[in-house]
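This chain uses plain numbering: 1 for the first residue, then up along the sequence.
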Amino acid sequence: MVQLYNLHPFGSQQVVPCKLEPERFCGGRDALFVAAGCKVEAFAVAGQELCQPRCAFSTLGRVLRLAYSEAGISNEISQLESDDFVICQKPLELLGEKSEQSGLSVTLESTGLADEKRKYSHFQHLLYRRFAPDISSYVLSDDIKLHSLQLLPIYQTGSLTSDGKNLSQEKELLSLFCFFSLPHVGYLYMVVKSVELMSVYQYPEKSQQAVLTPQFLHVITSNNLQCFTVRCSAAAAREEDPYMDTTLKACPPVSMDVCALRIQLFIGLKAICHFKNHIILLTKADPEAIPERRQSPKRLLSRKDTSVKIQIPPVAEAGWNLYIVNTISPVQLYKEMIDYSNTYKTVKTQSCIHLLSEAHLLVRAALMDASQLEPGEKAELLEAFKESCGHLGDCYSRLDSQHSHLTLPYYKMSGLSMAEVLARMDWTVEDGLQKYERGLIFYINHSLYENLDEELSEELAAKVVQMFYVAEPKQVPHILCSPSMKNINPLTAMSYLRKLDTSGFSSILVTLTKAAVALKMGDLDMHRNEMKSHSEMKLVCGFILEPRLLIQQRKGQIVPTELALHLKETQPGLLVASVLGLQKNNKIGIEEADSFFKVLCAKDEDTTPQLLVDFWEAQLVACLPDVVLQELFFKLTSQYIWRLSKRQPPDTTPLRTSEDLINACSHYGLIYPWVHILISSDSLADKNYTEDLSKLQSLICGPSFDIASIIPFLEPLSEDTIAGLSVHVLCRTRLKEYEQCIDILLERCPEAVIPYANHELKEENRTLWWKKLLPELCRRIKCGGEKYQLYLSSLKETLSIVAVELELKDFMNVLPEDGTAAFFLPYLLYCSRKKSLT
């Protein structure tokens with residue numbers, strides 16, 4: 001049975017002054033059209049002129065049907081008479097494409113349609129349903145007839161601007177609904193993406209006609225106007241918003257039971273239509289009751305019955321009236337529904353939620369047709385919408401049911417702050433025990449996790465921690481880390497944490513939270529004792545469980561906690577390891593982590609603190625799979641190069657030396673031996689300078705580094721310095737530019753040439769010993785100069801290598817023609833004897 005609320009959706013009513021008894025009527029724009037015979041009258045339905053005659057015109061025949069469109073009024077004046085036959089078969093429902101299996105053929109005609117537009121016309125099978133009437137209850141054919149077939153579209157229209165003007169007048173179909181009715185039951189289907197039965201309406205008495213609107217279903221019986229709720233707005237909301245039914249947004253379910261808002265007495269109802277905020281009703285007094293008019297309910301219909309003529313006396317003249325009934329504004333009806341719901345306020349039942357949900361859907365449906373609203377109406381409806389969300393949030397917060405999670409999205413949509421929600425709660429204690437329902441706990445817990453830019457007062461923060469200590473003690477350390485709990489008294493927080501300890505709930509998370517609270521209290525001894533009670537690895541695990549112990553967000557900005565600032569000074573290694581743990585567990589992003597260290601060290605966006613460099617190095621050591629290696633290489637090399645070029649020391653002592661990194665990380669390679677000889681010639685470098693240089697050289701010597709990517713960024717690092725020279729020669733070597741490197745080393749650091757050649761000129765590059773190095777050394781020796789002795793010793797070592805590599809004939813060919821025979825003779829002798837020696 002449909003639940004009935006005694007509400008008042010109908011307002012004032014007026015009689016339409018028709019001259020003839022209405023046979024057909026419809027609404028359009030701001031007029032009501034009434035047809036009687038061959039005459040159509042028009043009446044105003046807006047403003048002060050309500051029900052005033054406007055005009056009248058005649059048709060070419062009797063009006064059988066009347067409909068309004070933007071192009072004008074259309075009417076049907078021809079009629080075909082046919083007998084009705086009812087064949088009772090078993091019930092059947094076919095939805096969507098399956099409805100083609102019904103066997104019914106459909107032919108599409110395009111009468112009056114231009115040829116070029118015919119190709120856009122098509123039909124689609126939506127629904128086939130066959131009913132088997134209960135002939136034990138219904139006798140006359142009128143009792144088993146379908147009536148009131150209606151398609152109701154809901155459009156997605158352009159949103160309103162602040163001044164109430166539409167951004168777009170174009171309508172896009174959002175949802176389409178199909179309604180039809182039997183005398184005692186009505187069916188509402190959604191027929192857009194798929195065909196689904198939404199609601200079934202059981203009427204308390206036999207219906208004659210029904211009209212569907214986005215807000216209501218209006219049904220007339222012989223003596224009653226009935227108003228039922230519909231679920232069109234609930235279905236359309238889910239089509240419109242992909243975030244519906246999440247923690248962000250909610251809407252009452254389409255499957256929620258419908259209800260009757262009002263059953264209003266109207267004698268002799270015959271017809272109904274709906275137009276804007278008006279319902280038009282035709283009433284006609286029935287003649288005197290005719291005895292024996294209905295057959296016995298036990299008698300069955302059959303073909304033989306069709307030959308029996310039921311004698312009905314001539315109908316006497318009957319009085320009639322055509323009424324315009326105004327429906328009250330959605331906001332006015334909403335307020336009445338809210339007042340009505342207060343009768344359930346102290347009772348934890350679903351009745352309160354049901355009525356509040358109906359009120360919510362009423363307002364939602366009105367907002368969906370925003371193009372019909374004035375700016376003031378829209379603002380009033382939006383306020384009612386938020387208020388209804390708040391009421392639903394209140395209801396779900398008081399219930400301990402499977403739907404209590406809906407507290408969160410409804411409170412979010414209400415626009416209420418956390419403090420305002422808490423102020424609505426009943427904090428009274430029953431039987432000496434305070435009980436908090438799941439809905440409220442769920443809302444507060446999620447709100448405290450979502451980094452809301454709201455700080456609770458000391459009093460409310462104390463109530464929240466007391467609430468969680470009673471309902472979910474394991475969450476107490478977590479909620480104390482929320483930025484919203486910033487104002488809680490540290491003594492209060494510590495007392496609850498100690499209660500957890502004494503109750504056996506001891507964990508690393510409690511320890512870290514106590515350490516953080518101790519800092520706020522200024523008790524450094526307590527802080528140190530807590531931090532010493534666990535190993536560093538376990539402390540890192542604790543920070544992973546609750547990142548807000550280190551990092552918080554306020555107004556969209558990353559804010560390091562007091563504990564993070566303290567660890568920067570006292571345990572920077574632990575801090576870096578903890579943030580690395582957060583990144584490995586997807587608790588913080590790459591850019592977030594970088595910003596955290598810059599804010600922590602009070603550096604602007606263009607300055608890189610050493611602690612951030614330590615973090616980047618730790619990322620390479622950890623070999624994180626989701627870190628783009630080349631991007632990380634670029635960050636580190638850019639920083640190393642910048643500091644080397646500016647001779648800028650790090651702002652804090654690095655956590656790892658180059659040797660540590662080489663031993664711990666495969667991306668840092670062993671520095672080539674010739675590089676050490678090259679660097680040893682620079683006696684002016686300080687320790688920090690050489691550490692940055694060694695790390696850069698080690699990266700370039702590593703197996704993973706993309707050398708070509710760094711070349712454009714080497715410009716600040718001048719080759720005039722030994723440090724710059726070493727990096728440039730290393731990069732050219734990795735790019736296999738050996739001849740150019742030999743020239744540079746011979747010019748700048750001859751003592752490094754032979755170590756360079758020994759390390760680099762191998763296998764396919766071995767020929768460069770005699771094709772490049774040997775002739776180049778001979779040429780430079782001829783020129784003399786201050787480096788003569790260095791070149792000479794290098795030449796001797798080169799000749800020793802070449803004599804081993806080449807046959808005597810080839811060896812003689814690579815020697816200079818103008819060379820001194822006595823100088824080259826020992827090498828020639830060795831080359832000639834090496835075969836006999838082997």
Side-chain angles (χ1 to χ4, degrees), residues 8-77 79 147-148 150 207-213 215-227 262-288 314-329 332-333 372:
H8 301 84
F10 308 120
S12 61
Q13 63 188 48
Q14 284 183 264
V15 176
V16 182
C18 304
K19 294 180 180 178
L20 299 173
E21 179 181 342
E23 295 175 354
R24 304 284 183 268
F25 49 90
C26 75
R29 283 188 178 265
D30 56 353
L32 170 66
F33 301 93
V34 182
C38 300
K39 186 175 181 181
V40 178
E41 296 179 89
F43 300 89
V45 291
Q48 300 292 327
E49 298 181 349
L50 183 64
C51 293
Q52 294 299 310
R54 280 193 169 181
C55 65
F57 56 91
S58 298
T59 61
L60 298 177
R62 188 181 189 87
V63 177
L64 300 179
R65 239 176 24 169
L66 195 65
Y68 176 84
S69 69
E70 291 299 320
I73 300 174
S74 61
N75 53 71
E76 183 181 320
I77 58 174
Q79 182 176 8
H147 66 72
S148 306
Q150 183 181 348
S207 65
Q208 298 185 168
Q209 192 180 349
V211 296
L212 179 68
T213 75
Q215 291 97 349
F216 303 113
L217 174 69
H218 299 292
V219 180
I220 58 170
T221 66
S222 59
N223 294 313
N224 284 313
L225 168 61
Q226 302 175 358
C227 177
R262 181 78 175 177
I263 296 180
Q264 187 157 323
L265 182 65
F266 262 96
I267 303 300
L269 284 168
K270 297 299 180 186
I272 181 174
C273 81
H274 175 266
F275 173 56
K276 291 188 176 179
N277 62 330
H278 310 290
I279 296 170
I280 295 90
L281 298 172
L282 175 63
T283 65
K284 185 176 180 181
D286 288 330
E288 294 178 0
V315 177
E317 284 293 322
W320 56 267
N321 276 311
L322 188 66
Y323 294 96
I324 290 183
V325 180
N326 297 318
T327 55
I328 66 172
S329 71
Q332 187 178 345
L333 181 56
Q372 303 293 327

Q: Do His147 and Ser207 have side chains that approach each other closer than 4.5 Å (heavy atoms only, starting at C-beta)?
A: yes

Q: Does the side chain of Val325 come within less than 4.5 Å of Phe266's, by heavy atoms?
A: yes

Q: When rounded to the nearest 0.5 angstrom, what distance separates CG in Asn224 from CZ in Arg262?
A: 10.5 Å

Q: With a 4.5 Å limit on heavy-atom distance, are the side chains of Cys18 and Glu41 in contact?
A: yes

Q: Distance check, rounded to the nearest 0.5 Å: Leu281 atom CG versus His274 atom NE2?
A: 11.0 Å

Q: For Cys227 and Pro9, work out which heavy atoms get closest and say how close.
A: SG-CG, 3.9 Å

Q: Is there side-chain contact between Leu50 and Asn326, with heavy atoms separated by less than 4.5 Å?
A: yes

Q: I'd like to check Val45 versus Ile280 (side-chain heavy atoms, cut-off strictly below 4.5 Å). Are they in contact?
A: no

Q: To the nearest 0.5 Å, what is the distance between NE2 on His8 and CD on Gln264?
A: 8.0 Å

Q: Output every pair passing salt bridge (charged side-chain N to carboxylate O under 4.0 Å, His left out) with a member in residues 51-61, not counting sequence neighbours, ordered by first then second residue.
A: Asp30-Arg54

Q: How would you list, by chain and number, every residue that makes a side chain to side chain donor-acceptor pair (under 3.5 Å) with Ser58, sequence neighbours excluded?
A: none

Q: State whether the side chain of His218 and the backbone N or O of Ile279 hold a donor-acceptor pair below 3.5 Å, judged by distance alone.
A: no

Q: Do you know which two heavy atoms are closest between Gln209 and Lys270, and how far apart they sit?
A: OE1-O, 4.1 Å

Q: Which of these passes side chain to side chain contact (heavy atoms under 4.5 Å, CB included) with Gln226: Ile220, Thr221, Leu217?
A: Thr221

Q: Measure the OG1-CD distance between Thr327 and Gln215 for me, rounded to the nearest 0.5 Å.
A: 8.0 Å

Q: Between Val219 and Ala210, what is the shortest heavy-atom contact and its length?
A: CG2-CB, 3.9 Å

Q: Give a yes or no on whether the backbone of Val211 and the side-chain of Ser148 come within a donor-acceptor separation of less than 3.5 Å.
A: no

Q: Asn277: what forms a side chain to side chain donor-acceptor pair (under 3.5 Å) with it, not counting sequence neighbours?
A: none

Q: Quick check against the 3.5 Å criterion: does Arg24 have a side-chain atom that pairs as donor or acceptor with the backbone of Leu64?
A: yes

Q: Could you tell me whether a side-chain N or O of Gln208 sits under 3.5 Å from a main-chain N or O of Leu269, the two making a donor and an acceptor?
A: yes

Q: Checking Gln13 side chain against Tyr323 main chain: does a donor-acceptor pair fall under 3.5 Å?
A: no

Q: Do Val40 and Val34 have side chains that get closer than 4.5 Å, going by heavy atoms?
A: no

Q: Can you tell me how far apart OG (Ser222) and NZ (Lys284) are? Round to the nearest 0.5 Å.
A: 15.0 Å

Q: Closer than 3.5 angstrom, by distance alone: can the side chain of Glu23 be matched with the main-chain N or O of Gly37 as a donor-acceptor pair?
A: yes

Q: Between Leu282 and Pro22, what is the shortest heavy-atom contact and its length?
A: CD2-O, 3.6 Å

Q: Would you say the side-chain atoms of Asn223 pair up with the backbone N or O of Gly268, donor to acceptor, closer than 3.5 Å?
A: yes

Q: Of all heavy-atom pairs between Phe275 and Ala31, which one has the smallest distance, and what is that distance?
A: CE2-O, 3.7 Å

Q: Show the numbers, then the answer: is there a side chain to side chain contact (heavy atoms under 4.5 Å, CB included) between Leu225 and Ile272?
A: CA-CA 9 Å; Leu225 168 61; Ile272 181 174; 3.9 Å; yes

Q: With side chain to side chain contact (heavy atoms under 4.5 Å, CB included) as the test, would you mind laying out the steps for Phe25 and Val16 before giving the verdict?
A: CA-CA 11 Å; Phe25 49 90; Val16 182; over 6 Å; no

